[in-house]
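Report on one structure; see the data block that follows.
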Amino acid sequence: MTEPTQTVPARTRVAPSPTGDPHVGTAYQALFDVAWARKTGGRFVLRIEDTDRARTVEGSEQLIYSDLAWLGLAPDEGPQNPGECGPYRQSERLPLYRQYAEQLIEQGHAYYCWCSPERLAQLRADQAASKTSQTGYDRCCLGLTRDERAKLPGFSPDPVVRMLVPDDVDLEFTDAIRGQVHTPRPDDQVILKADGFPTYHLAVVVDDHLMGITAAVRGEEWISSTPKHLLLYKWLGWTPPAIAHMPLLRNTDKSKISKRKNPAARLEWFREAGYLPEALLNFLELLAYPPVHPDTEVQSFDEFVACFDWAKVNTTGPIFDLAKLNWLNGAYLRQLSDDELAHRIVTYWEQTGEPGAADPRARAVVAQAAPIIRERLTTLADAAPMIGFLLTPDAALGMDDDALATLPPNADQVLDAAQEVLAGLDDFRADAIQAGLRTALVDGLGLKPKVAFGPVRVALTGRRVSPPLFESAEILGRASCLARLGALRARLSA
RNA sequence: GUCCCCAUCGUCUAGCGGCCCAGGACUCAGCCCUUUCAAGGCUGCAACGGCAGUUCGAAUCUGCUUGGGGAUACCA
């Protein structure tokens, strides 16, 4: 197996089409692109493949940029930070493709085709119906002039350009991940469309060569068209880059991952859902690559890069299962310092329009609460509901029904005692609060801790489950605590 | 239909002829810790798709088969 030589700095590229929200597959491939570039001291290039005018969506290029940057995979070169091999949008490189298409026609490797889309559709339908193994274009236009062809049925005035695939086309190539791979025999593929735009097949070859790309990472679905690309390289007299075909990410039903079946197919979804980019990166690495360390699967991108080897990339398409990502995200969250965690939460709030983001008091509370919610978070989105009781005015605190249902018959007694303790405390800090309440409720009233602290929790948080009680009480402060204890007490007497 | 790719616990994987009656991680279950919930610790459930062959010996090699996926576009 020939793999890209490690001593040569790679020039790799990710080439998404701007057809809406960036796809998670783009990040997945970019990750391996970047790993290879970093490993070899090379460059990572972003090229926008906008040759399908019907599908191109306004604004998605910007999203591709911001999402890659969020993940720490910002391109070294791209349309917004050009280097020396631009332009980086295929729509700005149009003359190039026509030039090479014409060259191929002159050399006899390609030909014009005037067949109408209707004729081609009929041809395919007939081939399918006859169950023949003979499929593909029938070369109706090969060797004909425009006038000759015009006399035949199914004529369309604007021609496309097709490759003339020879009988002895090479059906084997070396993949960086899979080694020797056999491929299906290609059809006389259209390389230049009637609207003058190239198809992917021509564009990728011309661009990769002209932009000096030495290693290309793409999805497995491209394996079958690789011989077309190799043929073009051969005809044009160019050296192809090393090509790595990544296994395809799958939906739970094992089909190719799609936005329709899986919300996580949208790269944006992870940011919206409160995942940390480093956790997502780690997760994507694990999806196609064995863990770097024998004792843990939590690994940094640098560690991944350091051990990167194409031969270790897996060949089976992984099912995109969020359970492990959730665990990883929690693991990364737990590694954050208090300040960093608070910062991430507030930043997340800013991005999602959470009201607390703009409130200085809320920011202060987040900073105080960071240590007590850290190990309870799966995503950043969990923070707001978890500390909501700290941000709500005392009078507006709601009581969950299931929380009220846990109150024991002697709750009033407990609340009275708790109020007395908290009112008399010199030092309103968590350990003093705990000591005071324990003395009064557990020792004094002879209650089990669970029974003793339950009503206090319900009073202060309105919920059955909450962050640690005494720390929460400290953050709330004496006045709020007394007000809330009093409120629940009053409610019980009513 | 045709062609191509792939195949170890539910999921991600280790394994590249003996160290494997298959190891780790996530999930799940139980226990411990414990003021709730988590986190943490411990224990457990759980896999080499099938059939031939090669070999003293096969999860590992070969063939067939089955299953899954992908490609068969003037989409990428």
Side-chain angles (χ1 to χ4, degrees), chain A residues 15-17 19 49-52 54-55 113 115-117 120-121 124 127-136 156 158-162 171 175 178 181-187 189-201 203-204 218-226 245 247-248 250 252-256 283 286-291 294-298 314-328 330-331 334 372-378 386 403 406 434 437-438 441-442 448-454 456-458 461 463-470:
Chain A
S17 43
T19 55
E49 308 211 315
D50 54 351
T51 57
D52 186 345
R55 295 206 308 170
C113 169
C115 288
S116 66
L120 296 173
R124 270 192 294 276
Q127 287 171 345
S130 70
K131 299 208 160 142
T132 174
S133 60
Q134 202 65 31
T135 58
S156 169
D158 299 317
V160 301
V161 176
R162 287 183 183 276
L171 297 181
D175 184 275
R178 294 154 200 270
V181 175
H182 294 261
T183 60
R185 189 177 192 290
D187 187 14
Q189 179 69 48
V190 171
I191 54 175
L192 199 67
K193 302 184 236 182
D195 64 3
F197 277 62
T199 58
Y200 171 82
H201 308 287
V204 74
R218 61 177 20 165
E220 189 181 2
E221 74 265 37
W222 291 109
I223 287 180
S224 52
S225 25
T226 301
H245 288 100
L248 259 20
R250 323 273 199 101
T252 319
D253 67 1
K254 297 190 176 180
S255 59
K256 180 160 95 167
F283 176 65
L286 257 18
L287 242 27
Y289 204 85
D295 53 335
T296 178
E297 297 192 359
V298 178
N314 286 110
T315 49
T316 39
I319 289 171
F320 205 87
D321 180 10
L322 260 14
K324 193 155 196 165
L325 174 61
N326 285 335
W327 168 77
L328 263 177
R334 274 168 246 132
I372 61 170
I373 61 172
R374 169 185 293 109
E375 62 209 21
R376 294 171 172 75
L377 298 175
T378 297
M386 204 170 280
T406 64
Q434 165 155 215
L437 287 176
R438 199 172 278 279
L441 303 177
V442 178
K448 290 187 170 176
K450 187 169 185 165
V451 181
F453 301 133
V456 179
R457 165 170 281 105
V458 173
T461 70
R463 314 184 75 160
R464 193 169 49 79
V465 172
S466 81
L469 184 56
F470 313 115

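Please read all numbers here as calculations on a predicted model, not as lab measurements. Chain identifiers are assigned alphabetically (A, B, ...) following the order of the sequence lines, protein sequences preceding nucleic acid strands; residue numbering begins at 1 within each chain.
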Between the protein and nucleotides 9-14 of chain B, list every N/O to N/O distance that falls short of 3.5 Å.
from	atom 1	to	atom 2	distance (Å)
B:C12	OP1	A:Ile319	N	2.9
B:C12	O3'	A:Leu287	O	3.3
B:C12	O2'	A:Leu286	O	2.7
B:C12	O2	A:Lys324	NZ	3.4
B:U13	OP1	A:Leu287	O	2.5

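- A donor-acceptor contact shorter than 3.5 Å links the side chain of A:Thr199 to the backbone of A:Val190.
- Taking every heavy atom of both residues into account, A:Ser116 and A:Ser156 meet most closely at CA-CB, 3.7 Å.
- The interatomic distance linking A:Arg218 (CZ) with B:A71 (C1') rounds to 13 Å, in whole Å.
- Pairing for B:C56 goes to B:G18, judged as Watson-Crick or G-U wobble with the two contacts each under 3.5 Å.
- Counting to the nearest Å, the P atom of B:A25 and the CG atom of A:Leu325 are 19 Å from each other.
- Taking atom P on both B:A47 and B:U11, the two are 12 Å apart, rounded to the nearest angstrom.
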Are any protein N/O atoms closer than 3.5 Å to N/O atoms in nucleotides 73-76 of chain B? If there are, list each pair with its distance.
from	atom 1	to	atom 2	distance (Å)
B:C74	O2	A:Ala194	N	2.8
B:C74	N4	A:Cys115	O	3.0
B:C75	OP2	A:Lys193	NZ	2.9
B:C75	O2'	A:Asp52	OD2	2.9
B:C75	O2'	A:Arg55	NE	3.4
B:C75	O2'	A:Arg55	NH2	3.1
B:C75	O2	A:Arg55	NH1	3.3
B:C75	O2	A:Arg55	NH2	3.3
B:A76	OP1	A:Thr51	OG1	2.7
B:A76	OP1	A:Lys193	NZ	2.8
B:A76	OP2	A:Tyr200	N	3.3
B:A76	O3'	A:Glu49	OE1	2.8
B:A76	O2'	A:Ser17	OG	3.0

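- Spacing between B:A25 and B:G63 at atom C1', rounded to whole Å, works out to 35 Å.
- Atom-to-atom, CD1 of A:Ile373 to P of B:A39 comes out at 15 Å; the value is rounded to the nearest Å.
- Rounded to the nearest 0.5 Å, atoms CG (A:Leu469) and OG1 (A:Thr461) are 7.5 Å apart.
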Quiz prompt | Chi angles and distances behind the side-chain contact (heavy atoms from CB on, under 4.5 Å) call for A:Asp187, A:Thr135 | solution = CA-CA 8 Å; A:Asp187 187 14; A:Thr135 58; over 6 Å; no
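- Counting any heavy atom pair closer than 4.0 Å across all strands shown, A:Pro186 reaches no nucleic acid atom.
- With hydrogens and angles ignored, a donor-acceptor pair closer than 3.5 Å exists between the side chain of A:Arg376 and the base of B:C37.
- Atom-to-atom distance recorded for A:Leu287:CG and A:Lys324:NZ is 9.5 Å, nearest 0.5 angstrom.
- OP1 or OP2 of B:G40 sits under 4.0 Å from a side-chain N or O of A:Arg334.
- Checking B:U36 for Watson-Crick or G-U wobble geometry (two distances, each under 3.5 Å) identifies no partner in any strand.
- Among the protein residues, A:Leu248 comes within range of the sugar-phosphate backbone only, with heavy atoms under 4.0 Å from sugar or phosphate atoms but none that close to a base.
- Between the C1' atoms of B:C6 and B:C48, the separation comes to 16 Å (whole Å).
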Exercise. Take A:His201 and A:Trp222 through the test side-chain contact (heavy atoms from CB on, under 4.5 Å) and record every step on the way to the result.
Key: CA-CA 10 Å; A:His201 308 287; A:Trp222 291 109; 4.0 Å; yes
Self-check item: From CA spacing to verdict: salt bridge (Lys or Arg N to Asp or Glu O under 4.0 Å), A:Glu220, A:Lys256
Solution: CA-CA 10 Å; A:Glu220 189 181 2; A:Lys256 180 160 95 167; over 6 Å; no
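- Within 4.0 Å (heavy atoms only), A:Val456 reaches no atom of the nucleic acid at all.
- At whole-Å resolution of the value, CZ in A:Phe283 and P in B:U27 are 12 Å apart.
- A donor-acceptor pair under 3.5 Å is absent between the side-chain atoms of A:Glu375 and the main chain of A:Arg334, judged by distance alone.
- For the C1' atoms, the distance from B:C21 to B:C9 is 15 Å, rounded to whole Å.
- The separation between A:Leu377 atom CG and B:G40 atom P is 13 Å, rounded to whole Å.
- With no hydrogens or angles considered, a side-chain donor-acceptor pair links A:Ser255 and A:Asp253 at under 3.5 Å.
- In this structure, CD1 of A:Ile372 is placed 13 Å from C1' of B:U35, rounded to the nearest angstrom.
- A donor-acceptor contact shorter than 3.5 Å links the side chain of A:Arg178 to the backbone of A:His245.
- The partner of B:G63 is B:C51, by the rule that a Watson-Crick or G-U pair needs both atom distances under 3.5 Å.
- Comparing A:Pro294 and A:Pro184 by the nucleotide of RNA chain B whose heavy atom lies nearest to each, the residue mapping closer to the 5' end is A:Pro184.
- We find that CD of A:Glu375 is positioned 8 Å from P of B:G40, with the value rounded to whole Å.
- Both A:Gln434 and A:Trp327 sit near RNA chain B, but only A:Trp327 has its closest nucleotide nearer the 5' end.
- Only the C1' atoms considered, B:G69 is 29 Å distant from B:C20, to the nearest whole Å.
- The side chain of A:Ile223 lies closest to B:C4, out of B:C4, B:C6, B:U35.
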Please list, pair by pair, any protein nitrogen or oxygen found under 3.5 Å from a nitrogen or oxygen in nucleotides 59-66 of chain B.
none

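- The gap from the C1' atom of B:C16 to that of B:A58 amounts to 12 Å, rounded to the nearest Å.
- The same atom, P, is picked in B:C45 and in B:G10; the two are 14 Å apart, to the nearest Å.
- No contact: A:Arg463 has no heavy atom under 4.0 Å from any strand.
- When the C1' atom of B:A71 is taken as reference, atom CG of A:Leu171 falls 14 Å away, rounded to whole Å.
- The partner of B:C28 is B:G44, judged by Watson-Crick or G-U wobble contacts that both fall below 3.5 Å.
- Using the six-membered ring where Trp is involved, A:Phe453 and A:Phe470 have ring planes that are perpendicular, over 60° apart on the 30 and 60° scheme.
- Judged by atom type and distance alone, A:Arg457 reaches the base of B:U35 through a side-chain donor-acceptor pair under 3.5 Å.
- Across all strands shown, A:Ser466 has heavy atoms under 4.0 Å from base atoms, whether or not it also approaches the sugar-phosphate.
- Scanning both residues, A:Ile372 and A:Pro468, for their nearest heavy atoms gives O-CD, 3.6 Å.
- Heavy-atom minimum distance, A:Ala331 versus A:Val298: CB-CG2, 4.3 Å.
- When all heavy atoms of A:Lys193 and A:Pro198 are compared, the pair lying nearest together is CE-O, 3.2 Å.
- Contact of the A:Thr226 side chain with the A:Val181 side chain is not registered, since no non-hydrogen atoms from C-beta on lie closer than 4.5 Å.
- Between A:Arg438 and B:U35 there is a side-chain N or O to OP1 or OP2 distance below 4.0 Å.
- With both ends at atom P, the span from B:A7 to B:A14 equals 11 Å, rounded to whole Å.
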